[in-house]
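Structure record follows, encoded as structure tokens.
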Number of protein chains: 2
Amino acid sequence: MSPRPHRERQIPNLHERILHTAWQQIAAEGAAALSLRAIARQLGITAPAIYRYYPDRDALVTALIVDAFTSFAAWQAAALEGTTPHDHAGRLCALGLAYRAWAVAHPERYQLIFGTPIAGYHAPLEITMPAAQRGLSLLIQVLAQAHAAGKLRPLSPVPLPAVFDAEGVDPQVLFAALTLWCYVHGMVSNEIGRQYPPVLRDAEVFYRHALQTLTAQYLL
Amino acid sequence: MSPRPHRERQIPNLHERILHTAWQQIAAEGAAALSLRAIARQLGITAPAIYRYYPDRDALVTALIVDAFTSFAAWQAAALEGTTPHDHAGRLCALGLAYRAWAVAHPERYQLIFGTPIAGYHAPLEITMPAAQRGLSLLIQVLAQAHAAGKLRPLSPVPLPAVFDAEGVDPQVLFAALTLWCYVHGMVSNEIGRQYPPVLRDAEVFYRHALQTLTAQYLL
DNA sequence: CATATAAATATACACTGTTTATTTAATAAT
DNA sequence: ATTATTAAATAAACAGTGTATATTTATATG
């Protein structure tokens, strides 16, 4: 076998083809089964060839994570498109439903981001945090609009301690955003991770009801 | 080297020593780095020897998970000991604080249970669910007591759909328990998994304030 | 046409979980 | 006391992994 194939047999856009193949295998076998050698096999190349495009496995995983966050942020943005700007409850609900819908549609991507399925992988926060931020920023935006309209209900009987390095964003808005996100994340990760107890029959109905309760709690 | 050591050199309680060594290495290197061979090395035995006690790696992981759940349930139970039976808010708060305290004290155990750090591992739910249940049952118990005392605030403006296979436990209690658990789990898993955005300075203060807000929302 | 570069391969190393056959210490039976 | 049995470990090997190094060759450049 020749050490380098003719140009006709070369794979164009190998950089993206590797990512695409990785997603294919993650969807089929789960994120934990990610293997450079398996990707190489499917592409008809050898494993070290991947190192031309990604310095190591972790770099590939990071690229996948950024990819997933981008996909997630797109879903979030799309969810707001069908809503009217002043229907704060509707927009909040839409974001919440889109959050779960994306996770259910792509459970492996969800686990890749929020679980820790890759052995020994530690995310470089300077790369993944900005990508993650984009998803959260829409929620903050919607809540900030509700706050500006005076529709954000004061949540706590006691004053909020100074826990934020806020720049222009109201701490109450940040607190509402983070708590809502944690809530929703907890429900979705329990559903995707099959952690719910058997007494819960329908996780989706449960989720919708919880979301309805939440919007009523957070908005006037 | 002889194929079997003399009795004096044999390791007693190897079954438990394996678990203990596994926890040691998980604490040092993270759950993802779990390795049968590394455990064997540290114990001065060969890797296949472990197979006398655990049929495969997944069985060992399952034993570790059950172990972790047991430890967690013990912390939850201990948290209630310093409280008085009718101080429902205090008891709820104690459970919530204990939840986070356990996770912060044993982040690897937490990730092992709720993350998915072991490549290719799928938990046998018939074994892990009952163990997980024990932790949740205390929360349900506390909320049921509050409900019996008429101190559980009705949460939603709309009626709760029938999503539970409840046996003797009020659906409102179950709903409150599950939502509270999801909320707390979301916050803790975001903290442990370093998913919080940098604007949040102090995750512990944030958690305490959220918990305080929650108890006020859930209890009268 | 000669040279330099880029992109792949081949090979090898140190790991991993797991299977098989083998060896031996301890125990039970005669 | 000797023999047979059983239990618990080892040794060796297999297929898989990520990754480093050296090599080869197709292509682009002077």
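Letters A, B, ... are given to chains in the order of the sequence lines, protein chains preceding strands, and every chain is numbered from 1. For clarity, every value in this text was computed on a predicted model and none was experimentally measured. Keep in mind that the numbers below use all heavy atoms, side chains included, and drop hydrogens, waters and symmetry copies.
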At a cut-off of 3.5 Å, list every protein nitrogen or oxygen paired with a nitrogen or oxygen from nucleotides 16-19 of chain C, distance to 0.1 Å.
{"from": "C:dT16", "atom 1": "OP1", "to": "B:Ser35", "atom 2": "OG", "distance (Å)": "3.1"}
{"from": "C:dT16", "atom 1": "OP1", "to": "B:Arg41", "atom 2": "NH2", "distance (Å)": "3.2"}
{"from": "C:dT16", "atom 1": "OP2", "to": "B:Arg41", "atom 2": "NH1", "distance (Å)": "3.4"}
{"from": "C:dG17", "atom 1": "OP1", "to": "B:Leu36", "atom 2": "N", "distance (Å)": "2.6"}
{"from": "C:dG17", "atom 1": "OP2", "to": "B:Leu36", "atom 2": "N", "distance (Å)": "3.2"}
{"from": "C:dG17", "atom 1": "OP2", "to": "B:Arg37", "atom 2": "N", "distance (Å)": "3.1"}
{"from": "C:dG17", "atom 1": "N7", "to": "B:Arg37", "atom 2": "NH1", "distance (Å)": "2.5"}
{"from": "C:dG17", "atom 1": "O6", "to": "B:Arg37", "atom 2": "NH1", "distance (Å)": "2.7"}
{"from": "C:dT18", "atom 1": "OP2", "to": "B:Tyr51", "atom 2": "OH", "distance (Å)": "2.7"}
{"from": "C:dT18", "atom 1": "OP2", "to": "B:Arg57", "atom 2": "N", "distance (Å)": "2.8"}
{"from": "C:dT18", "atom 1": "O5'", "to": "B:Tyr51", "atom 2": "OH", "distance (Å)": "2.8"}

To the nearest angstrom, how far is [X] atom [atom1] from [N] atom [atom2]?
| X | N | atom1 | atom2 | answer |
| --- | --- | --- | --- | --- |
| A:Leu60 | D:dG18 | CG | C1' | 12 Å |
| A:Tyr53 | C:dA8 | OH | C1' | 8 Å |
| B:Leu43 | D:dA9 | CG | C1' | 13 Å |
| A:Ile45 | C:dA10 | CD1 | P | 12 Å |
| A:Leu14 | C:dT9 | CG | P | 9 Å |
| A:Asn13 | C:dA7 | CG | C1' | 15 Å |

Which residues share a ring-ring contact (aromatic ring centres under 6.0 Å, His included) with [X], sequence neighbours left out:
| X | value |
| --- | --- |
| A:Phe175 | B:Phe206, B:His209 |
| A:His147 | none |
| B:Phe114 | B:Tyr110, B:His185 |

>> Measuring from the side chain of A:Arg52 (C-beta onward, heavy atoms only), which nucleotide among C:dA7, C:dT9, D:dA9 has the closest atom?
In response: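 Closest nucleotide to the A:Arg52 side chain: C:dA7.
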>> Under 4.0 Å, counting only non-hydrogen atoms across every strand here, what does A:Tyr54 touch: a base, just sugar-phosphate, or nothing?
In response: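 Here A:Tyr54 touches no strand at all.
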> With sugar-phosphate meaning primed atoms plus P, OP1 and OP2, does B:Tyr121 contact a base, only sugar-phosphate, or nothing at under 4.0 Å between heavy atoms?
Replying inline: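 Since no nucleic acid heavy atom lies under 4.0 Å of B:Tyr121, the category is nothing.
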> Got a sec, which residues hit side chain to side chain donor-acceptor pair (under 3.5 Å) with A:Glu204, two or more places apart in sequence or on another chain?
Replying inline: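 Counting only residues at least two positions away or on another chain, A:Glu204 forms a side chain to side chain donor-acceptor pair (under 3.5 Å) with A:Arg208.
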> Which residues pass the side chain to side chain donor-acceptor pair (under 3.5 Å) test with A:Trp102, sequence neighbours left out?
Replying inline: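 Checked A:Trp102 against side chain to side chain donor-acceptor pair (under 3.5 Å); matches are A:Ser71.
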> With a 3.5 Å cut-off and no angle check, do the side chains of B:Trp181 and A:Asn190 form a donor-acceptor pair?
Replying inline: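 Distance-only check fails for B:Trp181 and A:Asn190.
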